[in-house]
Amino acid sequence: MAAAQSDSTLAASEEPPYSIPNPEKHTSEVEDKEEADIPVEGGAAAPDLSSRRSIRSGGVKSSSLHRSRSYGDGHGYTAFGDDEEAPAKNEKGEDPETEFEVQWEGDNDPMNPRNMSKGRKWIVVAIVSAGSTCVTCTSSMYTLTYGQITEEWHVSRVVATLGLSLFVMGLGIGPMVLGPLSEFYGRRPIYVFSFFFFLIWLIPCALAKNIATELVARFIDGLAGSAFLSVAGGTVGDMFARNELQAPMMIFTASPFVGPPLGPMVAGFINQYTTWRWTFYVLIIWSAVMLGLIAAFVPETYHPVILRHKAMKIRKQTREEKWKAPIEVMQRSILQTIIRSCYRPFMLLTLEPMCLNLCLFSALLLGVLYLFFGAFEIVFTDNHGFELWQVGLSFLGLLVGQLVAIATDPLWHKNYIRLVENREKNGGEPGGSEPEYRLPPAIAGAILVPVGLFWFAWTTYSSVHWIVPIIGSGVFAAGMLLVFSGVFTFLVDAYPLYAASALAANSFARSSFAAAFPLFGDQMYNKLGFQWATTLLALLTVIMAPFPYIFFRYGKRIRGTSRFASGR
């Protein structure tokens, strides 16, 4: 899941233009500081190729190429720019690769995705956003099949719930492999192949004859579908410059959040009036349509891979093998990249208290959200006699709360600008910022979350109208989204060289909690009662609520002693 993507929610930098060196005449270049687009939830924002541009003097050219790669899990990601290998230089300090390095032909290169027509860009945004919604919707639609599955296969509700937990774990694990692979092969192949297998593994979900088949298929389906949570945000960032990014990234950011509450709303009607297998038939039809749209309308947008295609074309035309794209001279192997993608997030969780506490807080909130998928059915069926389709509609409060939180993004952007301006007035550099300026949404959300949970807890009486607890769930959902927004963007800013790893750590923690909480949710609600079960969850969020404020006040001091965080 991603955060809202304006300057208050996305740290992404404008990609510098590139030109293909002409063998007859080379252009002079000015050294520029390295920049890298930063990835987000829900998806990574455009992994960017940056270069330290060279200065030519007396016909001697020296440069060092710097490649910064960003990827993650959509639910999160790492920018490896700290220890990338630079091309070897000769004794004179020259970089022999740079003269024949394939780059963009200026700002208007037609191969650059940022030069596509605005209409085509928005079509791609709509498709990848719908794909993200489809995947997260698949996670939650399953929850309203429990009644029929337990009866048909004679299994307990806990065993049936494993289908939800395994799918979510697949969403958390898959990006650690699919994210790095997209850096080597591009976004389009990952989309097509992963969504093809996502569609294929929905078929055994629909046709399963026993619970074992269902559980295995659900886990693999989550692995395949995770590509849209790890790669799709990068596609949006590939196509839009920073000053154009807010609207398309906000739409993409909202898409994975819409899925979880939308799933039960649709599945409630399906499972009320027909067999549970139609839940998956609907998903198969939806996924097949999405796969066709992806294959037909979503081009390759990952800049380094496009430059590789361009280099191949130039080599064919000139019959000169020296022409290379930067990605073709990269030293790190696929295996090395995947290994780093897997171990560095855990280093941050164990060695960085800011990362650990904020990840635990957001993980707790997602765990509560997924616990609600079972709890809502118990609460509203027992207290208000809801039928299954009405239980599904009860998730509308969560959806509305999330949309309201997303709509407040301009307010947080203005607050961010105010903090930056205050810093300038107090002697800071013009336009300078601090990572802590990203945390105010999380501070507000940390207040709303326990308020919403206490509200829901103590209005779950049959004597209280059903709309009251639903409104409380909406307050919780709004707070949850604000916390996610602030935490994601703070992690990106506080750990600029390790942004993807920080977000991958967050994603893994959230997926773990989201997988575990539903397994004990029903027992907890039945044992403690509706009021005290939710109160226990609210008290846990109260314990975690101070951390965003603590890091807002003292984060800069903590970063100064950190091994991984930026000390600025």
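Fair warning: this is a prediction, and the values are worked out from it, not measured in the lab. Both backbone and side-chain heavy atoms feed into the values below; hydrogens, waters and symmetry mates do not.
- One finds the OG atom of S362 at 7.5 Å from the CG atom of L491 (value rounded to the nearest 0.5 Å).
- You'll find the side chain of F198 stays beyond 4.5 Å of the side chain of M290, heavy atoms only.
- More than 12 non-hydrogen atoms from other residues, nucleotides or ligands lie less than 6.0 angstrom from OH of Y461.
- Taking CE of M524 as the start and CG of L536 as the end, the distance is 6.0 Å to the nearest 0.5 Å.
- Residues A502 and C359 come closest through the heavy atom pair O-SG, 4.3 Å.
- Every residue two or more places apart in sequence or in another chain that forms a side chain to side chain donor-acceptor pair (under 3.5 Å) with E352 is listed here: Y495, S562.
- With contacts defined as side-chain heavy-atom distances shorter than 4.5 Å, the pair P469/N383 does not qualify.
- Residues R510 and V168 form no side-chain contact, since every pair of their non-hydrogen atoms from C-beta on lies 4.5 Å or further apart.
- The CD1 atom of I251 sits 12.5 Å away from atom OG of S132, with the distance rounded to the nearest 0.5 Å.
- What you find for V449 and G479 is that their closest heavy atoms are CG2-C, 3.5 Å.
- L439 and P548 make their closest contact through CD1-O, 3.6 Å (heavy atoms, listed as atom of the first residue, atom of the second, distance).
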> Given the rule in the side chain to side chain contact (heavy atoms under 4.5 Å, CB included) test, do T235 and R188 qualify, once you have shown the distances and angles that lead to the verdict?
Replying inline: CA-CA 9 Å; T235 293; R188 178 177 167 84; over 6 Å; no
>> For F195 and Y191: C-alpha separation, side-chain torsions, deciding distance, then whether ring pair (Phe, Tyr, Trp, His ring centres under 6.0 Å) applies.
In response: CA-CA 6 Å; F195 218 79; Y191 288 150; 8.9 Å; no
> Where do C137 and W286 land on the side chain to side chain contact (heavy atoms under 4.5 Å, CB included) test, with the steps shown first?
Replying inline: CA-CA 11 Å; C137 192; W286 185 2; 3.9 Å; yes
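- In terms of heavy-atom proximity, K121 sits nearest to P113 at CE-O, 3.7 Å.
- The backbone N or O of R120 lies less than 3.5 Å from a partner atom in the side chain of S117, making a donor-acceptor pair.
- Taking CG of L360 as the start and CG of L364 as the end, the distance is 8.5 Å to the nearest 0.5 Å.
- Annotation: side chain of E421 is in contact with side chain of I417 (closest heavy-atom distance under 4.5 Å).
- Looking only at side-chain heavy atoms (C-beta outward), V258 and L399 come within less than 4.5 Å of each other.
- Between F376 and F380, the distance separating the two ring centers is shorter than 6.0 angstrom.
- In terms of the side chain to side chain donor-acceptor pair (under 3.5 Å) criterion, residue partners of T535 (sequence neighbours excluded) are, by chain and number, W458.
- With contacts defined as side-chain heavy-atom distances shorter than 4.5 Å, the pair F513/L366 does not qualify.
- At least one side-chain heavy atom of V368 sits under 4.5 Å from a side-chain heavy atom of F476.
- With sequence neighbours left out, the ring-ring contact (aromatic ring centres under 6.0 Å, His included) criterion links F346 to F508.
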> Could you go step by step and tell me if L419 and N415 meet the side chain to side chain contact (heavy atoms under 4.5 Å, CB included) rule?
Replying inline: CA-CA 6 Å; L419 292 172; N415 182 68; 3.8 Å; yes
>> Before you tell me yes or no, could you show the steps for Q390 and W466 under side chain to side chain contact (heavy atoms under 4.5 Å, CB included), namely the whole-Å CA-CA distance, both residues' side-chain angles and the distance that decides it to 0.1 Å?
In response: CA-CA 11 Å; Q390 293 171 312; W466 51 263; over 6 Å; no
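- Taking CG from L396 and CD1 from I470, the interatomic distance works out to 8.0 Å, rounded to the nearest 0.5 Å.
- Without hydrogens or angle criteria, T133 side chain to S255 main chain gives a donor-acceptor distance under 3.5 Å.
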> Going through the distances and angles, do Y554 and F551 end up as a ring pair (Phe, Tyr, Trp, His ring centres under 6.0 Å)?
Replying inline: CA-CA 5 Å; Y554 306 108; F551 296 140; 9.4 Å; no
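- In this structure, the side chain of T489 engages the main chain of S485 through a donor-acceptor pair within 3.5 Å.
- Using modelled atom types, no side-chain atom of H384 and backbone atom of F386 make a donor-acceptor pair closer than 3.5 Å.
- Ring geometry for F395 versus F373: interplanar angle of 30 to 60°, hence tilted.
- No side-chain heavy atom of L358 sits under 4.5 Å from any side-chain heavy atom of N506.
- Contact record, M169 with A515: CG-CB, 3.5 Å, taken as the closest heavy-atom pair.
- Applying the side chain to side chain donor-acceptor pair (under 3.5 Å) test to Q531 and every residue at least two apart in sequence or in another chain returns T460.
- Distance check, rounded to the nearest 0.5 Å: CG of L371 to CG of L519 gives 10.0 Å.
- Taking each heavy atom of L223 and G174 in turn, the nearest pair found is CD2-N, 3.7 Å.
- Remark: T534 engages Y525 in a side chain to side chain donor-acceptor pair (under 3.5 Å) (not counting sequence neighbours).
- In terms of the ring-ring contact (aromatic ring centres under 6.0 Å, His included) criterion, W455 has no residue partners (sequence neighbours excluded).
- Judged by distance alone, the side chains of S139 and Y370 do bring a donor and an acceptor atom under 3.5 Å apart.
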